[in-house]
Structures are given as structure tokens and as C-alpha cells.
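Below is one structure, written out as C-alpha cells; comments come after it.
Reckoned from all heavy atoms, side chains included, excluding hydrogens, waters and symmetry mates. Bear in mind that the values here come from a model prediction, so they are computed numbers and not experimental data.
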Amino acid sequence: MRRTGPTRREVLRDIGAVAGAVGGVAVAGRARAADDRWPTLGHGPGRDGYAAGNEGPSDALGPAWTVGTGAATTAPAVVDGTVYAGSLDGNCYAVAAADGTRKWTADVGPVGGDPTVSDGTVYVGSRERGVVALDAAAGAERWRHEVPAGVDASPTVVDGAVYVGGLDGTVYALDAATGEPAWTHTTDDEVSAAPAVAGDTVYVGGWDDRLRALDAATGDPRWTVGTGAAVTAAPAVTEDTVYVGGSDRSTGDPQNWRLYALDAADGTERWAVGTETAVRAPPAVAAGTVYVGSGPSVVALAADDGTREWTFEADARVTTAPVVAGSTVYAGTRRTGMYALNAGTGRELAAFDPGGPLAPADRGTTSRGNAPAVAGGRLYLGTVDGRLYALDERSATDGTTPWGVVGGGVVALVGGGAWLWRRRGTTK
């Protein structure tokens, strides 16, 4: 692992973290209440990948249990002691978070989009059946909305509406109780990235190299920005900024990859930072820092101006969406598996090798990056080889797991305070 030296911004931020631990938790001007759930990809409808009140394992990573699903497993959702995950075997699974005991299995067709759980209902995107709503307790189908060509993205549920993109190039707003469409918006190509919703605006990107801001009530466009490359990952949205991957084609190189920070109100570019590879998994945004996978690295950038704060170099390309729970960043690679990093410094705390990839070379066989979910002191993870893992703080030396911890370590938090804080894989 190699990281840049501590910056003045980092030192000041570490000091502020200790004060924040005493005075309360606030991020980007809004309070974040403790929440021991992870109901959707990126934790919330803004897809920022941050849960201030959640805590996961960091001293070591080892499986408390594992469940086979038979085919590539989506990113999980965790609500009320149950873990929900879809699989390309055509099923959505509900298992007990405590021990992995299967509660129910529902046939929904190959699941391309990560499940979202809201008000007792599980919403899944199916490549054969569109959007399917299931009873969270029993798995019975409540409704289904057929989408031509299917759905390969996680639904976003806010205020009684389900927002989802279809491989037919349409963005749908559906009634969460009935599945009836409230509005549709047509784009120029497939939409395989989950929408993000903040306030009264839906932000959604597509294979037509654009990011759109749509009125959440009507679907009317508010602004559209060219990204220079297909948007295959959900944007991450804070109160006033949208972070999204793209490319700067003004250089003549279509693979001049970028992470853009755009004004949420009008799409104006605030800053752009080059990345080693395309951003195909949502960045995480926590406590004034953006975390993004860039080639074989996890990079931390200042949210206000894109200044690099630290870099962690992994063993292979970072393929999962980074997520932040409490003081820890979790991100995984195609080769080794999942890393736990100190959010303030980028120092490696622990790692876990599941013995198989977290994302395939062709991203068309699983959801975007298979982001983990963090809840109840555990990290939940789906893999390409058809496994669902619950990881907690155990190691190969305690006799409880056949899997080892790769290069892990225990690092004290700065100052003793808590740091607060699918379809296709190549561009057209």
C-alpha cells in the first residue's frame, strides 16, 4: 500500500473529527441520524454510500456465515434483521442477518438491479420482468411492471414513488403501492445505472453519454449535461453537488476518464479530476470527502475542490463502489476481495479474500460493482461465483473461518476520536 503524505487539509480534518465526535454528527450541512440498516445501493436515495451511525468490522474480516445463490449475487440490502439479495439464477433471496438462515426465495427472473427495501416491500429490477415488488416478510409478489428489454438497475424509492431506468432507454416513475406509472421520460439509449434522488429532483445517467436532472413529480427535464462517456454507475448526490463519472473527449481521447462534480441546481461543472479507469461504480461522499475507485487505487478527494487527500493502492483494479460506515471505508477489487481502510488516512486495517472475484471482467453479468452493505457490526457482500457473505471481526487465527485475512492490521483512530464522517463493461 502506498499513500500520499498527510496534507494540511487532512490534519485539520482529523482535528475536526475529534471535535465532531463530542459535539455530534453532521455532514454537508445536514444531520445524519444513526441507522443500523442498509436499505439500498449506496444506503440512501442520494446514493452517497455513507452511513454515519453504522459500524462494521475493521480489525479483521472473516465470514460469520455464507449462503450460496447459484449464480452472480447482487449487492445486498439489510433491513430489520434480514438480508435481501438478488441473483442471476432468477431468484431474490431473504436470509436472516444473524446466521444466514433462508427465510424465503422468490422467483423474479434474473436480477440485474440491487434490491431496495422500503416500508415492508422489496423492489427488484429483473432483466426479464421489469420491476417486481415483493412482500418483505414472506416474499409474495405484490405487483409487477413489465419493462421492454428489462431492468438492470437498482430501483430508487422515495415518498411513495419508485424511480428506475430501463434497458429500453426509458426512466420510469411508478406508484410504490401499485406499480402504476406516474410518468416516463425517454432517453436516447439504455439506462443501466440506478437513479439518485435528492429533494424534488431525480438524477439519472445513461448510455447516451448524458446525465439528466428530472422533476421528481412530473419527469420534466430541468437540465442535461454531456458526460463524454456512458454513465453506467449511479451518481452520488449531496444537498448541492452531484458526483458522476465521465470522460473529457475535448482532448481527442475518448478514454480520458473523469470524475465530475456538478452543481445540483443547474449542472454547472464545479471541478473535474482524472481517473485511471472509467468510474463504473458510484463514489461515496462523507464528511467533506469523496471516495472513488481509480484503476487499482481508492482515491480520497476533497469534496469542495477535488484536491487529492490520500491514495490507497490495492492489488488489482477496484471494482466495488466504496462505502463509508462510521470511520471505515470499504472497497473491493477483482482479485483479492474486500479492504477495510481508515477513512481519514487511507491506511489499510484489514482485508478479506473470498476466493473468487467481486466483479467479472465483463460487467454485464452482475450489478455495478457489487457494493457491500454495512449494518449491525457486519459487512454483507455478494460475489460473482454465487455467494452471499456476512463478514465480522474474526480472523484465520481464531479457528472460526477457513478464509484468511490478507495483510490486515489494527490502527488507532486519530487522536482517539471517532472519525465521523450491469450490464456492459466497455464504452460504446
For this session: Verify whether one side chain among W310 and T345 offers a donor that lies under 3.5 Å from an acceptor in the other.
Result: no
Exercise. Which is it for L349 and N342 under the side-chain contact (heavy atoms from CB on, under 4.5 Å) test, yes or no, and what are the steps along the way?
Worked result: CA-CA 7 Å; L349 305 176; N342 181 283; 4.3 Å; yes
For this session: Looking only at non-hydrogen atoms, find the nearest pair between K103 and G81 and report the distance.
Result: NZ-O, 3.9 Å
Exercise. Can you find a pair of side-chain heavy atoms, one from T224 and one from L211, that are under 4.5 Å apart?
Worked result: no
Exercise. Would you say W143's side chain and A176's backbone share a donor-acceptor pair under 3.5 angstrom?
Worked result: yes
Problem set entry | L379 side chain near M338 side chain, heavy-atom distance below 4.5 Å | yes
Exercise. How many angstroms lie between CG in D168 and CD in E190, if you round to the nearest 0.5 Å?
Worked result: 9.0 Å
Exercise. Sub-3.5 Å donor-acceptor pair from the side chain of D36 to the main-chain atoms of G376, do we have one?
Worked result: yes
Problem set entry | Atom pair CG (D220) and NE2 (H185), whose distance is rounded to the nearest 0.5 Å | 9.0 Å
For this session: On the 0 to 90° scale, with breaks at 30° and 60°, tag the Y84-W104 ring pair as parallel, tilted or perpendicular.
Result: tilted
Problem set entry | Gap separating the CG atom of L388 from the OG1 atom of T69, nearest 0.5 angstrom | 7.5 Å
Exercise. If you take all heavy atoms of C92 and V124, which pair is closest and at what distance?
Worked result: SG-CG1, 4.0 Å
Problem set entry | Min side-chain heavy-atom separation T232-W207 under 4.5 Å | yes
For this session: Determine yes or no for a side-chain-to-main-chain donor-acceptor pair under 3.5 angstrom, with Y123 supplying the side chain and L134 the backbone.
Result: no
For this session: Taking R102 for its side chain and A96 for its backbone only, find out whether a donor-acceptor pair lies under 3.5 Å.
Result: no
For this session: Using modelled atom types only, decide if a donor and an acceptor are shared between the side chain of W257 and the backbone of A229 within a distance under 3.5 Å.
Result: no
Exercise. Is there a side-chain contact between V204 and L214, using heavy atoms and a 4.5 Å cut-off?
Worked result: yes
Seminar exercise, completed: Scanning both residues in full, the closest heavy-atom pair of Y203 with P235 reads O-CG, 3.8 Å
Problem set entry | Atom of A196, atom of G46 and distance for their closest heavy-atom approach | CB-O, 3.8 Å
For this session: May I ask you to test the D315-P296 pair for a side-chain heavy-atom distance under 4.5 Å?
Result: no
For this session: Look only at the side chain of D114 and the backbone of A75, and say whether a donor-acceptor pair between them is shorter than 3.5 Å.
Result: yes
Exercise. Can you tell me if W65 uses its side chain to pair, donor with acceptor, with the backbone of A97 under 3.5 Å?
Worked result: yes
Exercise. Given the rule in the side-chain contact (heavy atoms from CB on, under 4.5 Å) test, do L174 and E180 qualify, once you have shown the distances and angles that lead to the verdict?
Worked result: CA-CA 5 Å; L174 309 174; E180 292 298 316; over 6 Å; no
Problem set entry | Polar side-chain atom of Y93 near backbone of A106 as donor-acceptor pair, under 3.5 Å | no
Exercise. For S126 and R144, what are the C-alpha separation, side-chain angles and deciding distance, and is it a side-chain contact (heavy atoms from CB on, under 4.5 Å)?
Worked result: CA-CA 10 Å; S126 169; R144 179 190 310 178; over 6 Å; no
Seminar exercise, completed: Scanning both residues in full, the closest heavy-atom pair of A153 with A194 reads CB-N, 3.8 Å
Exercise. Below 4.5 Å, heavy atoms only, C-beta onward: do R258 and T275 meet side chain to side chain?
Worked result: no
Exercise. Has the side chain of S87 got a donor or acceptor atom that lies under 3.5 Å from a matching backbone atom of A71?
Worked result: yes
Exercise. Under 3.5 Å, is there a donor-acceptor pair between the E309 and T289 side chains?
Worked result: yes
Exercise. Is any NZ, NE, NH1 or NH2 atom of the basic residue among D200 and R222 found under 4.0 Å from an Asp or Glu carboxylate oxygen of the other?
Worked result: yes
Exercise. Looking at OH of Y172 and OH of Y163, how far apart are the two atoms once the value is rounded to the nearest 0.5 Å?
Worked result: 16.0 Å
For this session: Mind checking the CG-OH spacing from L391 to Y330? Nearest 0.5 Å is all I need.
Result: 9.5 Å
For this session: Using the side-chain contact (heavy atoms from CB on, under 4.5 Å) rule, take R212 and D208 through it: C-alpha gap first, then chi angles, then the decisive distance, then the call.
Result: CA-CA 11 Å; R212 291 172 167 83; D208 60 359; 2.8 Å; yes
Exercise. Measuring from S294:OG to L301:CG, what's the distance to the nearest 0.5 Å?
Worked result: 8.5 Å
Exercise. Crowded around D107 CG? As in, over 12 foreign heavy atoms under 6.0 Å?
Worked result: yes
Exercise. Distance-only, no hydrogens or angles: does the T328 side chain make a donor-acceptor pair with backbone N or O of L341 under 3.5 Å?
Worked result: no
Exercise. Can you say whether the rings of F352 and Y389 are parallel (under 30°), tilted (30 to 60°) or perpendicular (over 60°)?
Worked result: perpendicular
For this session: Count the heavy atoms of every other residue, nucleotide or ligand shown that sit under 6.0 Å from CG of D99, and state whether that count exceeds 12.
Result: yes
Exercise. Taking NZ, NE, NH1 and NH2 as the nitrogens, is one of them in R210 or D189 under 4.0 Å from a carboxylate oxygen of the other?
Worked result: no
Exercise. Between Y339 and T333, is any pair of side-chain heavy atoms under 4.5 Å apart?
Worked result: yes
For this session: Report the C-alpha separation of D385 and R387 in whole Å, then their side-chain angles, then the decisive distance to 0.1 Å, and conclude whether the salt bridge (Lys or Arg N to Asp or Glu O under 4.0 Å) test is met.
Result: CA-CA 6 Å; D385 61 356; R387 310 295 294 178; 5.8 Å; no
Exercise. Is any side-chain heavy atom of R37 less than 4.5 Å from a side-chain heavy atom of V78?
Worked result: no
Exercise. So which of T121, T156, T40 actually passes side chain to side chain donor-acceptor pair (under 3.5 Å) with T116?
Worked result: T40
Exercise. Hey, is D240 close enough to R270 for a salt bridge, meaning N to O under 4.0 Å?
Worked result: yes
Problem set entry | Exercise: identify the closest heavy-atom pair between V162 and P155 | CG1-CB, 3.8 Å
